[in-house]
> 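Got a structure here, written out as structure tokens. Questions coming.
Just the heavy atoms: all of them, side chains too, but no hydrogens, waters or symmetry mates, feed the values below. Since the model is a prediction, treat every value here as computed from it, not as a measurement.
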Amino acid sequence: MVFFCKFVFCSVLVLCVVYSAPVNKKVSCKDDYDGYQVVELKVGQDIHDPVDQALKTLQSEGKVRILSMSGHKGFVFGYKVNILISNITSFNDSIRTDFPFIYQSYLIDVKFVAVSKLIRENGGRPLIEEDRNDEEDQANHKADIIASNFIKVNLPNLNRYIPPTEPPTPLPHSKQSDEMFGFHSYHTIHSIYNHLEELSRHHSDVLELFELDGETYEGRKLRGVRVTNGVGSSASHDKPMVYLDGGIHSREWISPATVMYLIEGLIGMREQDKSTQTDALRETFQFVLIPVTNPDGYIYSREERMWRKTRKPAGCQYNLRDCNGECLLKVCYGVDANRNWDMDHAAKGGSNEPCDTSFPGSVPFDQDCVVIIRDFLLNHKEKIVLSISYHSYSQLFLYPWGYTKSPSPHLTHHTKVGEAFARAVAARHGVHYKNHPVVNIWHDRFPGSWYEVSGTLIDWVHHRLGVVDSYGIELRDEGRHDFRLPVNQILATGEENFDGLLAVVDNIAYYGAP
């Protein structure tokens with residue numbers, strides 16, 4: 001991907017021309033976009049409403065076509081709009097006359113490259129996975145990275161990826177590290193599944209391995225474990241259920257690793273000083289833990305480290321197709337699996353640009369791995385008393401809502417549970433987690449900013465299933481290493497979150513009215 005940019009007035013609005021390699025173009029369609037440019041507008045928090053209205057007016061007059069919008073309009077870093085224009089001179093004349101506040105907000109002497117020229121220059125060569133550039137991909141993820149990264153940055157630098165303050169610890173990839181499971185490295189899914197099989201053989205009195213119904217887009221099964229006393233008995237299936245999962249965002253490697261640690265703690269392999277407490281919990285509850293809910297993406301993140309989404313083809317870049325119905329620029333892969341639930345789907349906090357990392361899918365539940373989890377949860381909805389989905393990063397304990405600024409009726413209870421979690425975590429290694437509704441993530445650092453996001457698992461479980469205790473946890477750290485947490489922090493992250501889990505379970509609504 002190549003793009004040209006110009007910055008003006010404190011990065012409130014940025015104008016960029018963006019383009020990528022095309023996919024299998026037929027000669028007869030190449031001239032359809034002569035004179036067209038794809039323009040990227042980055043709109044600051046303070047002017048997004050007038051810009052929205054201006055672009056809609058220009059679109060109604062046939063002067064622009066709004067291709068996609070992404071980001072969070074209520075956040076200080078603003079959001080992004082991609083538009084298609086057929087004539088840059090006409091476009092500039094229109095906004096100079098009718099919308100001078102836009103005209104004064106960017107330099108009009110940017111060099112543009114016509115869409116049709118891009119097609120001709122690439123000769124219709126199909127885009128292949130190897131064409132992706134990790135550095136550019138990281139740049140595309142900048143808003144997601146910087147928003148959670150509480151390092152102070154200068155606004156004019158937001159057009160480039162800001163790397164961690166020090167390089168991440170190299171990941172060992174030896175055969176031995178895959179065969180010998182531990183918390184000294186990040187494991188492949190093959191290693192994770194093999195270890196689950198080993199645990200089921202050696203701890204069959206308290207743990208059973210199972211596969212969820214259905215397959216992912218690439219034909220993989222989701223594997224989980226059920227942990228409880230008397231796991232082989234029919235009565236154990238009637239116990240109230242605690243549901244824990246990880247890996248819905250594939251680049252968040254610390255998430256599956258932490259869930260694996262929780263499994264070992266709950267069966268007594270680790271945290272043996274808490275055996276009396278864990279035995280009592282296994283007697284009362286059945287714990288279901290699924291370490292990797294997006295296996296296709298997790299596997300692909302070994303090749304493209306910052307990959308976040310699933311791997312199912314999702315549409316065309318900028319939703320542009322030629323006269324044959326084929327992608328004009330390139331095919332986009334994957335959907336944000338934590339935006340794909342039917343809880344106010346696609347309304348806020350995502351992007352309708354299929355290549356963006358926060359693309360929520362064309363419709364709810366169009367991702368196989370999400371359907372697999374949905375069906376499992378629906379089949380057990382009468383038993384679920386607690387649901388936690390593990391993510392990274394930012395050290396946050398999160399609860400509903402994300403899709404609206406209105407508080408959940410259980411806000412007081414959620415706050416109490418979050419405070420108990422934070423105390424327990426801090427007592428282990430001195431690491432501090434904050435707790436908020438999802439929508440309030442940024443309030444501490446950016447007062448008045450909102451993180452409204454639709455289609456999340458947390459909100460879906462809370463609203464659709466009626467589970468009072470539905471949470472998400474953003475694991476270490478606060479942004480120093482972004483999604484590439486060094487391997488020497490894996491064990492400590494698991495340990496502190498095991499204590500956090502015990503504190504949460506002790507405070508859930510199951511024990512009394514919230």
Side-chain angles (χ1 to χ4, degrees), residues 168-169 171-172 177-178 180-189 191-196 198-199 202-203 206-207 223-225 227 242-275 277-278 281-282 287-293 298 386-398 420-433 471-478 480-506:
T169 303
L171 301 177
S177 70
D178 279 343
M180 300 176 60
F181 198 91
F183 297 95
H184 53 276
S185 65
Y186 291 109
H187 293 279
T188 65
I189 198 164
S191 176
I192 290 172
Y193 282 1
N194 279 349
H195 189 56
L196 294 180
E198 286 291 319
L199 294 179
H202 295 291
H203 300 271
V206 294
L207 181 149
R223 291 187 176 186
V225 297
V227 176
V242 173
Y243 172 81
L244 311 171
D245 74 23
I248 197 169
H249 289 150
S250 46
R251 64 189 176 191
E252 299 169 6
W253 289 4
I254 188 59
S255 167
T258 298
V259 175
M260 292 298 291
Y261 186 91
L262 299 179
I263 292 172
E264 292 196 2
L266 288 169
I267 64 177
M269 277 185 65
R270 296 180 183 271
E271 307 290 342
Q272 294 176 355
D273 60 319
K274 302 178 180 71
S275 59
Q277 186 176 4
T278 54
L281 291 177
R282 291 196 309 266
F287 291 82
V288 170
L289 302 97
I290 305 173
V292 185
T293 56
Y298 184 72
L386 169 63
S387 172
I388 303 177
S389 189
Y390 290 86
H391 294 256
S392 75
Y393 56 88
S394 287
Q395 294 172 200
L396 296 171
F397 183 88
L398 301 173
F421 169 86
R423 286 193 300 269
V425 168
R428 188 68 178 260
H429 293 299
V431 174
H432 296 280
Y433 283 59
Y471 305 113
I473 294 176
E474 296 283 350
L475 301 166
R476 293 192 188 189
D477 55 13
E478 289 186 298
R480 185 178 187 184
H481 299 97
D482 62 71
F483 302 103
R484 298 161 294 184
L485 190 71
V487 296
N488 60 11
Q489 295 192 45
I490 297 174
L491 182 61
T493 302
E495 290 172 341
E496 66 199 17
N497 275 276
F498 187 80
D499 288 356
L501 174 62
L502 298 185
V504 170
V505 175
D506 278 349

> Are the side chain of Thr293 and the backbone of Gly246 linked by a donor-acceptor contact shorter than 3.5 Å?
yes

> How close do Gly224 and Ile290 get, heavy atom to heavy atom, and via which atoms?
CA-CG1, 4.1 Å

> Got a second to check how far Phe287's CZ is from Leu386's CG, nearest 0.5 Å?
8.0 Å

> If you measure from OG on Ser394 to CG on Asp482, what distance do you get to the nearest 0.5 Å?
10.5 Å

> Taking salt bridge (Lys or Arg N to Asp or Glu O under 4.0 Å) as the test, write out the residues that go with Arg270, two or more places apart.
Glu264

> Is any side-chain heavy atom of Phe498 less than 4.5 Å from a side-chain heavy atom of Thr278?
yes

> Using the rule given for side-chain contact (heavy atoms from CB on, under 4.5 Å), can you reason through Val425 versus Phe397, listing the C-alpha separation, both sets of side-chain angles and the distance that settles it, and then say yes or no?
CA-CA 11 Å; Val425 168; Phe397 183 88; over 6 Å; no

> When you compare the side chain of Ile263 with that of Pro291, does any pair of heavy atoms fall below 4.5 Å?
yes

> Which pair of non-hydrogen atoms, one from Leu207 and one from Leu199, has the smallest distance, and what is that distance?
CD2-C, 4.0 Å

> Find the distance between CG (Leu396) and OH (Tyr471) and round it off to the nearest 0.5 Å.
15.0 Å

> Report the distance from atom CG of Asp477 to atom NE2 of His481, rounding to the nearest 0.5 Å.
6.0 Å

> Can you tell me how far CG of Leu475 sits from CZ of Phe483, rounded to the nearest 0.5 angstrom?
12.0 Å

> Do Arg428 and Glu271 sit within salt-bridge range, that is, some charged N less than 4.0 Å from a carboxylate O?
yes

> Taking the side chain as everything from C-beta on, heavy atoms only, tell me whether His187 gets closer than 4.5 Å to Met260.
no

> Taking side chain as C-beta onward, heavy atoms only, is Phe183 less than 4.5 Å from Thr493?
no

> Can you sort out the partners of Tyr390 under ring pair (Phe, Tyr, Trp, His ring centres under 6.0 Å), two or more places apart, ordered by chain and number?
none

> Take Trp253 and Leu485 through the side-chain contact (heavy atoms from CB on, under 4.5 Å) test and state the conclusion after the steps.
CA-CA 8 Å; Trp253 289 4; Leu485 190 71; over 6 Å; no

> Could you tell me whether the side chain of Leu501 reaches within less than 4.5 Å of the side chain of Val505, counting heavy atoms only?
yes

> Report yes or no: does Glu474 contribute a side-chain atom to a donor-acceptor pair with the main-chain N or O of Tyr393 at less than 3.5 Å?
yes

> For Thr258 and Gly494, work out which heavy atoms get closest and say how close.
CG2-CA, 4.4 Å

> Between Ala420 and Ala503, which heavy-atom pair has the shortest distance, and what is it?
O-CB, 3.6 Å

> Donor-acceptor check, side chain of Arg282 to backbone of Val227, threshold 3.5 angstrom: yes or no?
no

> Looking at every non-hydrogen atom in both residues, tell me the closest pair between Gly247 and Ser255 and how far apart they are.
N-OG, 2.9 Å

> Is there a side-chain contact between Tyr186 and Ile254 (heavy atoms, below 4.5 Å)?
yes

> Using side-chain hydrogen bond (donor to acceptor under 3.5 Å, both in side chains) as the criterion, list what pairs up with Arg423, not counting sequence neighbours.
none

> Quick test of your reading of the model: are Asp499 and Lys274 salt-bridged, counting only N-O distances below 4.0 Å?
yes

> Are side-chain heavy atoms of Val487 and His184 found at a separation under 4.5 Å?
no

> Give, for atom OG of Ser387 and atom CG of Leu244, the distance between the pair rounded to the nearest 0.5 Å.
7.5 Å

> Any side-chain heavy atom of Glu496 within less than 4.5 Å of one from Tyr433?
yes

> Which atom pair, heavy atoms only, marks the closest approach of Arg223 to Tyr193?
N-OH, 3.4 Å

